[in-house]
There are 2 protein chains.
Amino acid sequence: MNVLKDILSERGIRPTFQRLTVLAAVSENRSHVTIRELHAALVKKIPTLSKTTLYNTLELFSAKGLVRSLSIDPGEARYDGVVAPHHHFYCSVCGRIIDIEISCPTGRAGEIHGHRIDEVHGYFKGVCRDCLARPGQTSVPPGKHIPAQRRRISHA
Amino acid sequence: MNVLKDILSERGIRPTFQRLTVLAAVSENRSHVTIRELHAALVKKIPTLSKTTLYNTLELFSAKGLVRSLSIDPGEARYDGVVAPHHHFYCSVCGRIIDIEISCPTGRAGEIHGHRIDEVHGYFKGVCRDCLARPGQTSVPPGKHIPAQRRRISHA
DNA sequence: TTCATGTTTGTAATCATTACAAAATAGTTT
DNA sequence: AAACTATTTTGTAATGATTACAAACATGAA
Ligand SMILES: [Mn+2]
Ligand SMILES: [Mn+2]
Ligand SMILES: [Zn+2]
Ligand SMILES: [Zn+2]
């Protein structure tokens, strides 16, 4: 686990226990977590962990290029431990975000029409393979914001 | 202005004064408005207009394919009257969203890895041409949510 | 230890969005 | 037209993610 400590130190971030735990959680599992999910998961390891710390930490990591913040799910930010450019698929039924391994040739130019490009965000919205296979599922009407707490669907 | 009325009628939407006004506002000006901006602008024409009506109307329009909802600006949805597929540039300094006229070949397939694609969302984040030219402007750190009310920067 | 600086935490405030029900409107039937 | 019904609009309250803030805590140097 000294690798994580080095990653933080290299970027001038003091490697506290909280930060190391957050970095481990975000980079190890390949999902795209929300603050809420992260908090629920990490409180088991750090009972006193506050959401404010998670907001602070993830903003710091985001600024230092350790994670990427995704505003795909309306109303709730998700964080990606994979900073290499890739796209996403957002399922409007189950709310999952799935990695799509394609990259954008336009974005690589770093500039378009005189605007400086810092980040490239691409995602597809639709119904994922699993949800297509599981019929009878009421699809969430597009644009409808459903509080994430209520959107959870177990994907066996 | 009977064109707008027809557009609504064709899709089974009763063409009320509020809806016609909203449709006119969203489709005529090429910007990507928020509910807040729309409300501020339209209250002049309809003094009793409520935000709830705007939420309802835009969700309805979005479901019927008359507008597209963009979750680019974190914390505030924006609505696009142009439904033809195109990309966007989001300036992290002034918060503007600029149309980028490229389209995604992958998205046109309508399907990827078995997932059904309903919408394609692509945008670049960075600093726009105007903000690059105007130095001394403190750039908003990425991931930092700034209430839109306070983000307004006049672009001469 | 003392001091200074950076970090974490809890709590309160903010603000976009959703829920809900009453009031207003429009269309239909008598 | 009046009565009735379904739809739309509106105001207000609730929800929930995010931000602001200051006190408590930890760390490291003097
Ligand atoms: Mn990803
Ligand atoms: Mn557009
Ligand atoms: Zn799904
Ligand atoms: Zn700009």
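Each chain gets a letter, A, B and so on, in the order the sequences are listed, and its residues count up from 1.
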Filtered N/O pairs between nucleotides 26-29 of chain C and protein, under 3.5 Å:
none

The answer to which of B:Thr57 and A:Ile35 contacts DNA chain D further toward the 5' end, by nearest nucleotide, is B:Thr57
Could you label the plane-to-plane angle of the B:His86 and B:His32 rings as parallel, tilted or perpendicular, counting under 30° as parallel and over 60° as perpendicular?
tilted
Hey, can you tell me if B:Tyr90 and B:Tyr123 have their rings parallel, tilted or perpendicular (30° and 60° cut-offs)?
perpendicular
Check whether B:His121 reaches the backbone of B:Glu119 with its side chain - one donor and one acceptor, N or O, closer than 3.5 Å. no
query = Would you find a donor on one side and an acceptor on the other, under 3.5 Å apart, between the side chain of A:Arg129 and the backbone of B:Gly114?
reply = no
field: OP1 or OP2 of C:dT9 under 4.0 Å from side-chain N/O of A:Gln18
entry: yes
(message) Check the phosphate of C:dA16 against B:Arg36, side-chain N and O only, distance under 4.0 Å to OP1 or OP2. Yes or no?
(response) yes
A:Arg19 has its side chain closest, among D:dT9, C:dT8, D:dT18, to C:dT8
Closest to the side chain of B:Ile46, out of D:dT8, D:dT10, D:dA17, is D:dT10
Interface polar pairs with nucleotides 11-14 of chain D, N/O, under 3.5 angstrom:
unit_1: D:dG11; atom_1: OP2; unit_2: B:Thr48; atom_2: O; d: 3.4
unit_1: D:dG11; atom_1: O6; unit_2: B:Thr52; atom_2: OG1; d: 3.1
unit_1: D:dT12; atom_1: O4; unit_2: B:Thr52; atom_2: OG1; d: 3.4

Exactly one candidate in A:Leu8, A:Ile13, A:Val67 meets side chain to side chain contact (heavy atoms under 4.5 Å, CB included) with A:Leu60; the answer is A:Ile13
Rounded to whole Å, the CG-C1' distance (A:Leu58 to D:dT18) equals 13 Å
